[in-house]
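Just so it is clear, the model here is predicted, and its values are computed rather than measured. Atom set for the values below is all heavy atoms of this structure, side chains included, hydrogens, waters and symmetry mates excluded.
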Amino acid sequence: MNYTPNELENLTFKRSVVGGYSEDMVNEVLDRIIEDYTAYIRENIELKDKVAVLNEAILHYKNIEESLQNTLLMAQQTSEEIKRNSYQKAENIIKEAEIKAQKIIDEANQEVLKIKFEYEELKRKLHSYKSKVESLLLSQLEILKPIVEEEAE
């Protein structure tokens, strides 16, 4: 915003040499006031549009609310029967889920045991491989030792 109402109230224009107000300063002030006024008008229009949209939304939601209330009344009439059926179904689902969960746990435990066995087997093979490589390297060093000593002499 270019000017506050207080600034406009206390605004004084410089006098030009001819005796009137400075035309440039007056035009600048008017341009700023026009900018502000235009912005206020634009904002006012936007706000009115938003209010209209919101009012339409309120009407829409009131219609939805009325429809929901009617639906709720119908739902309350059948809810007790559905509730009884759902408790029975829930118990069955829970029992099935517990059986499936136990099966999954058992399978996971079997998989863990299998992986542990494979891990131990790989560790054993790695140790064996390291021993063979170490043995091979030592034998190679023994073979090279006379050659190195011969060259050193």
Side-chain angles (χ1 to χ4, degrees), residues 1-11 24-25 27-153:
M1 180 177 355
N2 290 316
Y3 291 106
T4 64
N6 194 30
E7 288 174 335
L8 286 172
E9 191 175 332
N10 295 324
L11 186 65
D24 289 340
M25 187 175 180
N27 286 336
E28 182 182 333
V29 170
L30 286 175
D31 287 345
R32 288 183 177 179
I33 291 172
I34 289 169
E35 279 180 33
D36 287 345
Y37 191 68
T38 302
Y40 290 139
I41 290 172
R42 190 176 310 116
E43 182 181 3
N44 193 14
I45 290 170
E46 288 174 4
L47 291 174
K48 284 180 181 179
D49 290 343
K50 285 182 182 179
V51 166
V53 167
L54 291 174
N55 282 334
E56 285 180 28
I58 287 172
L59 287 175
H60 175 72
Y61 288 118
K62 281 184 180 180
N63 289 336
I64 290 175
E65 178 185 15
E66 187 177 308
S67 175
L68 288 173
Q69 285 176 349
N70 292 335
T71 304
L72 181 60
L73 289 174
M74 290 171 44
Q76 286 174 340
Q77 294 171 354
T78 58
S79 68
E80 285 304 316
E81 183 182 335
I82 292 172
K83 191 186 284 187
R84 282 190 303 272
N85 291 338
S86 65
Y87 281 128
Q88 184 60 41
K89 287 181 181 178
E91 286 178 19
N92 291 340
I93 290 171
I94 289 170
K95 287 177 185 176
E96 288 178 21
E98 286 173 346
I99 291 169
K100 286 181 182 178
Q102 188 58 49
K103 183 179 178 184
I104 290 171
I105 290 170
D106 292 342
E107 289 173 357
N109 285 335
Q110 290 298 322
E111 188 66 24
V112 167
L113 291 174
K114 179 182 171 188
I115 290 171
K116 282 183 179 179
F117 177 77
E118 288 175 3
Y119 172 73
E120 292 300 324
E121 182 67 18
L122 286 174
K123 249 174 53 173
R124 188 186 57 75
K125 286 181 180 179
L126 178 64
H127 181 69
S128 172
Y129 176 75
K130 286 167 80 177
S131 295
K132 287 178 184 178
V133 168
E134 184 179 331
S135 201
L136 178 65
L137 288 174
L138 288 173
S139 67
Q140 292 296 319
L141 280 173
E142 289 299 319
I143 292 171
L144 289 175
K145 202 183 250 184
I147 295 172
V148 170
E149 288 175 356
E150 203 174 278
E151 285 183 8
E153 292 177 0

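Residues Asp106 and Gln102 have side chains that bring a donor and an acceptor to within less than 3.5 angstrom of each other.
Contact check for Lys114 versus Glu111: side-chain heavy atoms found under the 4.5 Å cut-off. With a 4.5 Å cut-off on side-chain heavy atoms, Arg42 and Thr38 count as touching. Counting heavy atoms from C-beta on, the side chains of Tyr40 and Asp36 come closer than 4.5 Å. In this structure, the side chains of Leu54 and Val51 stay at 4.5 Å or more apart for every pair of heavy atoms.
The pair Arg124-Glu121 meets the salt-bridge criterion, since a charged nitrogen lies less than 4.0 angstrom from a carboxylate oxygen. Between Glu91 and Lys95 no salt bridge is recorded (no basic side-chain N to carboxylate O distance below 4.0 Å). Under the 4.0 Å criterion applied to side-chain N and carboxylate O atoms, Arg84 and Glu81 are not assigned as salt-bridge partners.
The distance from atom CD of Gln110 to atom CG of Leu113, rounded to the nearest 0.5 Å, is 5.5 Å. Here the CG atom belonging to Leu59 is positioned 11.5 Å from the CD1 atom belonging to Ile64, to the nearest 0.5 angstrom. If you take CG on Asn70 and CD on Glu65, they are separated by 10.5 Å, rounding to the nearest 0.5 Å. In this structure, OH in Tyr87 is found 15.0 Å from CG in Asn92, a value given to the nearest 0.5 Å. Atom CD1 in Ile41 sits 10.5 Å away from atom CD1 in Ile34 (nearest 0.5 Å). Taking CG of Leu68 as the reference point, atom OH of Tyr61 lies at 11.5 Å (rounded to 0.5 Å).
Atom CD of Glu107 is surrounded by more than 12 heavy atoms from other residues, nucleotides or ligands within 6.0 Å. Enclosure of atom CD in Gln140 by more than 12 non-hydrogen atoms of other residues, nucleotides or ligands within 6.0 angstrom is indicated.
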Practice prompt. Apply salt bridge (charged side-chain N to carboxylate O under 4.0 Å, His left out) to the pair Lys83 and Glu80, showing each step before the final yes or no.
Written response: CA-CA 5 Å; Lys83 191 186 284 187; Glu80 285 304 316; 3.8 Å; yes
Discussion item. Salt bridge (charged side-chain N to carboxylate O under 4.0 Å, His left out), that's the test. Do Arg32 and Glu28 meet it? Break it down for me.
Written reply: CA-CA 6 Å; Arg32 288 183 177 179; Glu28 182 182 333; 3.3 Å; yes
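Using modelled atom types, no side-chain atom of Ser135 and backbone atom of Lys132 make a donor-acceptor pair closer than 3.5 Å. Side-chain atoms of Ser67 never come within 3.5 Å of backbone atoms of Asn63 as a donor-acceptor pair (strictly under, hydrogens ignored).
Considering Gln76, Gln69, Met74 in turn, Gln76 is the only one that fulfils the side chain to side chain contact (heavy atoms under 4.5 Å, CB included) rule with Leu72.
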